[in-house]
Amino acid sequence: MLNEYFFETNSFNLDATLDSGQAFRWVAHQDSWSGIIHGRWVRLSSKTCGILAETTSPVTSWNWLADYLQLELDIESVLKSFPRDQHMEKAIHTCHGLRLLRQDPWETLASFILSSTKQIVQIRQIISILSERHGEPLKVPEGFAPAYDFPKPGTLAILSEKELRECKMGFRAPYLLEAARCVDSGALDLESIRALSLSEARLKLTSLHGVGNKIADCVLLFAYGFPEAFPVDVWIARALRELYFPKRKPTTKRLQNFISSYFGPNSGYAQQYLFHYMRNRETNLK
DNA sequence: TCAGACCCTCACAG
DNA sequence: ACTGTGAGGGTCT
């Protein structure tokens with residue numbers, strides 16, 4: 001028996017959001033997406049006036065989903081805080097309704113540890129194998145593929161590096177193992193990061209092996225919602241150079257200064273719009 | 001600052 | 001079909 005709920009919203013692009021490289025476990029169907037949020041199987045469908053949500057387990061409150069989707073956020077005021085230049089205008093126009101999710105910190109940290117020098121399809125594959133092998137099976141409606149919760153830190157902490165490598169994660173295995181053990185033992189308290197400043201939070205996360213600034217900022221933006229976290233990957237670096245420094249070749253430091261002074265209080269959101277805009281432009285050119 | 005290494009897979013040549 | 005090659009939402013040494 002499915003539970004249903006309808007969220008009214010006219011400013012949410014489900015396709016763009018769930019396929020934007022911030023989450024790796026959503027599966028596209030004909031007219032809907034299925035995924036797992038906090039151990040629940042969920043199906044989301046985009047309707048003219050909002051989003052229809054269906055889940056298998058009994059639900060008394062839907063706050064967990066409203067929080068995950070950040071439905072309370074006033075996206076218009078976020079967009080207004082972006083710098084007004086032709087590139088951002090185009091990005092806003094192209095990516096209408098693109099949102100940032102508020103994901104689980106552990107899953108996000110683990111996922112992005114697994115993301116380094118990988119294409120998105122490969123990241124999805126690793127995470128899928130890992131969850132299938134080591135995650136709890138979840139209740140799924142008839143006709144849908146089996147689904148698994150993302151493995152808990154404690155579950156991964158007792159595995160061997162070899163068992164993790166069998167999930168095709170290669171040299172990332174020891175990194176994930178260390179992270180799982182740190183979180184499981186309490187040496188790294190993921191909840192306490194919420195209360196920290198951005199730079200303190202970065203220091204905490206980058207103290208893990210295999211977590212540098214890029215991955216730390218992904219976690220801070222996609223899980224904790226730090227509005228000024230700004231992950232700089234090859235795509236964004238290329239985009240910024242091409243769009244804002246077409247003649248010169250700025251150093252990494254200069255690029256950093258530009259980012260922190262130019263994009264304003266919601267620079268993380270601006271980054272997501274630019275990233276999505278550039279990625280779609282590439283595929284459209286092919 | 002700057003390569004080179006790291007594991008593995010897939011796309012794309014030839 | 002079959003092998004070779006390069007690079008992929010990085011990070012460490």
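The sequence lines fix the lettering, A, B, ..., with proteins before strands; numbering per chain opens at 1. All of these numbers come straight from a predicted model, not from anything done at the bench. Hydrogens, waters and symmetry mates play no part in the numbers below; they use all other heavy atoms, side chains included.
- Comparing C/dG9, B/dC8, C/dG10 by their closest approach to the side chain of A/Gln122 singles out B/dC8.
- Defined by atom type and a distance below 3.5 Å, a donor-acceptor pair is present between the side-chain atoms of A/Arg25 and A/Ser131.
- Counting any heavy atom pair closer than 4.0 Å across all strands shown, A/Leu208 reaches sugar-phosphate atoms only and no base atom.
- Going from the P atom of B/dT1 to that of C/dG9 covers 26 Å, rounded to whole Å.
- Checking the phosphate oxygens (OP1, OP2) of C/dG10, no side-chain nitrogen or oxygen of A/Arg172 falls inside 4.0 Å.
- Rounded to whole Å, the distance from CZ on A/Arg238 to P on C/dG9 is 9 Å.
- Distance NZ (A/Lys162) to C1' (B/dC7): 15 Å, rounded to an integer number of Å.
- Within 4.0 Å of A/Gly212, counting heavy atoms only, lie sugar-phosphate atoms of the nucleic acid but no base atom.
- For a distance-only test at 3.5 Å, the side chain of A/Lys118 qualifies as a donor-acceptor partner of the base of B/dC8.
- Ring to ring, A/Tyr277 and A/His93 are not that close: their centroids are 6.0 angstrom or more apart.
- Rounded to whole Å, atom P of C/dG9 lies 18 Å from atom CG of A/Leu221.
- For the C1' atom pair drawn from C/dG6 and B/dG4, the interatomic distance equals 16 Å after rounding to whole Å.
- Using a 4.0 Å heavy-atom cutoff across all strands shown, A/Gln22 reaches at least one base atom of the nucleic acid.
- Around atom CZ of A/Arg194, more than 12 heavy atoms belonging to other residues, nucleotides or ligands sit under 6.0 Å away.
- Nucleotide C/dG10 holds its C1' atom 16 Å from the CH2 atom of A/Trp235, rounded to whole Å.
- Ring-to-base geometry places A/Phe171 in a stacked arrangement with B/dC6 (centre distance under 5.5 Å, plane angle under 30°).
- Ring-plane geometry between A/Tyr244 and A/Phe263 is classed as perpendicular, the angle between the planes exceeding 60 degrees on a 0 to 90 degree scale with a lower cut at 30.
- Between the CD1 atom of A/Ile127 and the C1' atom of B/dC8 there is a distance of 15 Å, rounded to whole Å.
- Taking atom CD1 on A/Ile113 and atom C1' on B/dC7, their separation rounds to 16 Å, with Å as the unit.
- The side chain of A/Lys214 sits closest to C/dT11 out of C/dT11, C/dG8, B/dC10.
- Summarising the geometry, atom CZ belonging to A/Arg181 is positioned 8.0 Å from atom CG belonging to A/Leu159; distances are rounded to the nearest 0.5 Å.
- Using a 4.0 Å heavy-atom cutoff across all strands shown, A/Ser20 reaches at least one base atom of the nucleic acid.
- Between A/Gln119 atom CD and C/dA7 atom P there is a gap of 12 Å when expressed in whole angstrom units.
- Under the 4.0 Å criterion applied to side-chain N and carboxylate O atoms, A/Lys162 and A/Glu166 are assigned as salt-bridge partners.
- A/Gln271 contributes a side-chain N or O that forms a donor-acceptor pair with the base of C/dG9 under 3.5 Å.
- Among the atoms of the strands shown, none is found under 4.0 Å from any heavy atom of A/Ile126.
- Comparing A/Phe112 and A/Tyr175 along DNA chain C, the residue whose closest nucleotide (by nearest heavy atom) sits nearer the 5' end is A/Phe112.
- Side-chain proximity of A/His209 to B/dC10, C/dG9, C/dC12: nearest is C/dC12.
- Taking atom CD1 of residue A/Ile123 and atom C1' of nucleotide B/dT9, one finds them 13 Å apart after rounding to whole Å.
- Taking the charged nitrogens against the carboxylate oxygens, A/Glu163 and A/Arg133 have no contact shorter than 4.0 Å, which rules out a salt bridge.
- In this structure, A/Phe275 counts as stacked on the base of C/dG9 under the 5.5 Å centre distance and 30° plane angle limits.
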Check: Tell me, what's DNA chain B's dot-bracket, Watson-Crick or G-U with both distances under 3.5 Å, | for other-strand, [ ] crossing?
Finding: ..||||.|||||||

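- Between A/Glu200 and A/Lys204 no salt bridge is recorded (no basic side-chain N to carboxylate O distance below 4.0 Å).
- Defined by atom type and a distance below 3.5 Å, a donor-acceptor pair is present between the side-chain atoms of A/Asn266 and A/Ser81.
- Looking at the side chain of A/Gln125, the nearest of the listed nucleotides C/dG9, B/dC10, C/dT11 is B/dC10.
- Taking the nucleotide of DNA chain B with the nearest heavy atom to each of A/Val121 and A/Thr117, the more 5' of the two is matched to A/Thr117.
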